[in-house]
Amino acid sequence: MMERDSSDEEEDRENLIPQNDRRNEAVKSPNHTRVANFQIDDLKSRISGTASRFNKRYLFGILLPLVILILYFTTDLKKLFQTHISTLKSPDSSASVNRMRESELRALYLLKQQELELFKLWNYTALVNNKSSLSALNHNNDNSGNSSSINSNTMLEDLKSKLFSQISINRRIQGVLLSSHESGEFVDLNGNYSDASLEDWSRCRKVDQRLSDRRTIEWKPRSNKYLFTICVSGQMSNHLICLEKHMFFAALLNRVLVIPSAKVDYEFRRILDIEHINKCLGRKVVVTFEEFVETKKNDLHIDKFLCYFSLPQPCFMDDEHVKKLKGLGLSLSKIEAVWSEDIKKPKQNTVQDVLAKFSSDDDVVAIGDVFFADVEREWVMQAGGPIAHKCKTLIEPSRLIILTAQRFIQTFLGKDFVAVHFRRHGFLKFCNAKKPSCFYPIPQASDCINRVVERANTPVIYLSTDAAESEIGLLQSGIVLNGKTVPLVQRPARNSAEKWDALLYRHGLDGDSQVDAMLDKTICALSTVFIGSSGSTFTEDILRLRKDWVSASVCDEYLCRDEVPNFIAEDE
């Protein structure tokens with residue numbers, strides 16, 4: 001206590017000494033009197049200033065922690081300093097971070113897609129396993145390996161397609177992740193991260209028709225020797241197939257082929273380019289009926305009527321057709337069959353068989369309808385046909401129809417589309433007479449089309465059909481890919497505002513049912529993938545064009561191939 005008092009006195013003394021010094025200095029000053037008057041006030045002000053400074057220190061000491069607490073709870077200091085640091089490192093770092101986040105999100109989305117597709121692939125392997133077991137069982141039962149081989153090839157292609165899809169998605173993921181590092185020095189964004197052999201692989205690639213290996217015959221007709229075309233069975237597609245087979249017979253027999261008159265057959269000149277056939281061979285091999293009449297003048301006579309088919313009637317001609325031929329001014333020789341041949345059970349004949357029975361020195365020969373004739377099947381059915389020529393095919397749509405089909409595709413479809421020939425009218429009874437039936441319920445047909453569309457990965461479908469609107473509407477509702485409806489496109493009614501069909505209109509070909517049918521065939525023949533109706537000659541003619549034009553795809557197939565309708569009505 002004594003020490004504390006002593007120290008306090010010393011401190012007070014030290015404080016008083018400067019005051020005494022200042023007082024003495026003040027006495028010496030000329031202003032001594034005025035300063036002396038304010039000595040007491042100055043002391044009070046000094047004491048007040050000291051207290052004020054003391055209060056401010058305490059106030060600052062109280063407020064500073066409070067401010068720090070407010071900043072701590074209201075500010076993400078970590079983010080603030082991180083942003084500051086990244087800003088110091090690079091002015092573009094914020095954009096780089098955003099780009100990386102976007103790339104990661106896109107990659108995650110693609111990985112999710114890949115996961116779903118891999119699940120599908122897993123389920124598909126189970127399906128393949130079941131089908132393989134079933135095929136093996138059928139093979140043991142019927143000792144026929146053709147269908148088993150076809151199924152195996154199809155399954156293998158499907159499997160390759162699905163694996164290729166996953167490889168493609170994986171490469172996209174790599175590209176997405178690498179895109180965020182495009183400023184990096186060691187990343188090759190253009191590098192190929194998978195097998196280069198996959199680059200040109202396509203699930204629905206074009207079929208190699210091996211045109212260089214074609215087996216052909218030269219068509220060099222003798223002067224004034226004619227084969228008169230007669231086709232009576234079925235509709236236009238049947239007649240076109242009959243005409244094609246007549247050309248083969250004419251080439252074998254060295255004769256000029258006479259195209260039938262529109263008075264007894266279809267008006268072929270409206271849908272075919274007749275002169276195109278002659279140009280392809282570089283010589284006159286076909287003539288119209290009018291040209292034939294001009295050449296023969298008043299000698300319109302069929303010298304030999306040698307019937308290829310004897311049953312159900314000679315040359316498969318009824319009295320009505322005979323009357324039509326005679327109405328053209330033709331006189332006919334006796335109609336006779338050269339052998340026993342039934343259209344319901346045609347025999348597989350050879351070139352030698354035909355030459356032995358139908359060779360003749362007569363000027364004009366007719367052999368009747370040959371639609372059902374089965375002569376050198378593989379030779380006749382090969383791509384480009386059996387006759388040597390310099391074109392893709394001899395029998396093809398007229399130039400006007402081909403151009404119109406191309407304009408329609410450019411307007412409505414684009415280069416990638418699936419074409420479907422969906423035959424319905426009158427097809428129910430026809431198909432149910434076959435074993436198995438080829439008439440499918442709409443929901444089942446939708447599923448079958450969906451599978452092909454998924455395989456082909458096309459955005460639109462061209463529908464060629466004679467189905468009712470109710471059937472088309474239901475079919476459309478079932479065509480869905482990845483949650484999106486794939487539109488079914490049909491040729492619309494003529495509209496003057498649309499110019500895709502202007503060529504047909506200007507040449508007076510619009511509104512002709514046969515021209516419309518050939519236009520449908522042409523559009524289907526130009527598609528990426530084609531689905532046809534089994535048993536329809538309309539479909540068969542499209543397949544012929546696709547084969548000859550080298551547009552046929554490995555994904556082409558008949559509707560619901562290898563499936564039986566899930567419901568079949570009873571017979572009458």
Side-chain angles (χ1 to χ4, degrees), residues 146 149-150 152-154 156-157 160-161 164 195-221 240-241 243-254 257 272-286 348-355 373-399 402 405-406 415-416 419 456 521-522 524-530 532 539-558:
N146 289 336
S149 175
I150 293 172
S152 298
N153 291 335
T154 301
L156 178 61
E157 288 296 325
K160 288 169 65 178
S161 171
F164 177 76
D195 193 342
S197 64
L198 296 171
E199 291 298 319
D200 297 326
W201 190 86
S202 171
R203 171 64 184 94
C204 295
R205 63 189 180 278
K206 303 301 180 186
V207 176
D208 182 6
Q209 301 293 350
R210 302 184 179 275
L211 295 176
S212 59
D213 298 334
R214 280 179 61 213
R215 176 190 175 190
T216 59
I217 182 175
E218 292 289 336
W219 188 359
K220 295 181 178 180
L240 289 175
I241 295 172
L243 179 63
E244 182 182 24
K245 291 184 177 181
H246 262 97
M247 290 169 57
F248 182 51
F249 279 95
L252 292 177
L253 299 172
N254 297 322
L257 188 65
L272 301 177
D273 186 350
I274 304 299
E275 195 54 36
H276 162 81
I277 301 172
N278 292 323
K279 289 178 181 178
C280 289
L281 276 91
R283 62 182 72 92
K284 198 78 167 179
V285 293
V286 295
Q348 293 185 14
N349 293 310
T350 65
V351 169
Q352 290 72 27
D353 295 330
V354 171
L355 292 175
D374 188 1
V375 178
E376 305 285 359
R377 184 185 305 169
E378 292 185 4
W379 188 6
V380 171
M381 296 298 290
Q382 67 182 342
I387 299 170
H389 58 82
K390 57 184 179 182
C391 301
K392 289 184 177 180
T393 184
L394 294 179
I395 297 180
E396 68 177 18
S398 69
R399 182 66 178 162
I402 292 176
Q406 292 174 349
K415 69 182 183 69
D416 292 324
K521 285 183 181 181
T522 308
C524 290
L526 294 172
S527 64
T528 307
V529 174
F530 174 64
T539 283
E540 295 305 318
D541 204 34
I542 293 170
L543 292 174
R544 176 189 65 84
L545 281 174
R546 289 179 64 78
K547 184 170 54 180
D548 292 353
W549 285 350
V550 198
S551 60
S553 161
V554 295
C555 294
D556 289 357
E557 63 177 57
Y558 296 114

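Counting all heavy atoms, side chain and backbone alike, V529 lies closest to C555 at CG1-O, 3.6 Å. The heavy-atom pair separating L526 from Q406 by the smallest distance is CD1-CG, 4.3 Å. Nearest heavy-atom pair across T522 and A405 is CG2-CB, 3.5 Å. Across all their heavy atoms, A419 and C524 have their closest contact at CB-CA, 3.7 Å.
No more than 12 heavy atoms of other residues, nucleotides or ligands sit less than 6.0 Å from atom CZ of R377. Atom NZ of K206 has more than 12 neighbouring heavy atoms from other residues, nucleotides or ligands inside a 6.0 Å radius. Within a 6.0 Å sphere centred on NZ of K279, other residues, nucleotides and ligands contribute 12 heavy atoms or fewer.
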May I have the step-by-step check of side-chain contact (heavy atoms from CB on, under 4.5 Å) for L243 and L272, ending in yes or no?
CA-CA 11 Å; L243 179 63; L272 301 177; 3.9 Å; yes

Is there a side-chain contact (heavy atoms from CB on, under 4.5 Å) between D556 and V207 once you walk through the steps?
CA-CA 10 Å; D556 289 357; V207 176; over 6 Å; no

Tell me, with the steps shown, if F249 and L257 meet side-chain contact (heavy atoms from CB on, under 4.5 Å).
CA-CA 9 Å; F249 279 95; L257 188 65; over 6 Å; no

Just do the side-chain contact (heavy atoms from CB on, under 4.5 Å) check on D541 and K521 with the steps written out, would you?
CA-CA 8 Å; D541 204 34; K521 285 183 181 181; 2.9 Å; yes

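Here the CZ-CD1 distance, from F530 to I542, works out to 3.5 Å after rounding to the nearest 0.5 Å. One distance of note links SG of C391 with CD1 of I277; it measures 10.0 Å at 0.5 Å rounding. For the atom pair CG of L281 and CD1 of I387, the computed distance is 7.0 Å after rounding to the nearest 0.5 Å. Here the straight-line distance linking atom CD1 of I241 with atom CD of E540 works out to 7.0 Å at 0.5 Å rounding. To the nearest 0.5 Å, atom CG of residue L211 and atom OG1 of residue T216 are 11.5 Å apart. For the atom pair CE (M247) and CG (L252), the distance works out to 12.0 Å, reported to the nearest 0.5 Å.
Looking at P397 and L545, their side chains come closer than 4.5 Å, going by heavy atoms from C-beta outward. Proximity of N254 to P221: side-chain heavy atoms (C-beta onward) are nowhere separated by under 4.5 Å. Considering only heavy atoms from C-beta on, L355 comes within 4.5 Å of L253 through its side chain. Using a 4.5 Å cut-off on side-chain heavy atoms (C-beta onward), V375 and V354 make contact.
A donor-acceptor pair shorter than 3.5 Å cannot be found between the side chains of R546 and S553.
In this structure, the side chain of H389 engages the main chain of G384 through a donor-acceptor pair within 3.5 Å. Using modelled atom types, no side-chain atom of E376 and backbone atom of W379 make a donor-acceptor pair closer than 3.5 Å. Of the possible polar contacts, one joining the R214 side chain to the G385 backbone as a donor-acceptor pair under 3.5 Å is found. T393 places no side-chain N or O within 3.5 Å of a backbone atom of E396 that could act as its donor or acceptor partner. Listed for the K245 side chain is a donor-acceptor partner under 3.5 Å among the backbone atoms of A373. When atom types are taken as modelled, the side chain of N349 and the backbone of D374 share no donor-acceptor pair closer than 3.5 angstrom. Between the side chain of E218 and the backbone N or O of A388 there is no donor-acceptor pair closer than 3.5 Å. The backbone N or O of M381 lies less than 3.5 Å from a partner atom in the side chain of K547, making a donor-acceptor pair.
In terms of the salt bridge (charged side-chain N to carboxylate O under 4.0 Å, His left out) criterion, R399 has no residue partners (sequence neighbours excluded). Here D548 pairs with R544 under the salt bridge (charged side-chain N to carboxylate O under 4.0 Å, His left out) rule; sequence neighbours left out.
Here F248 and W219 keep their ring centres 6.0 angstrom or further from each other.
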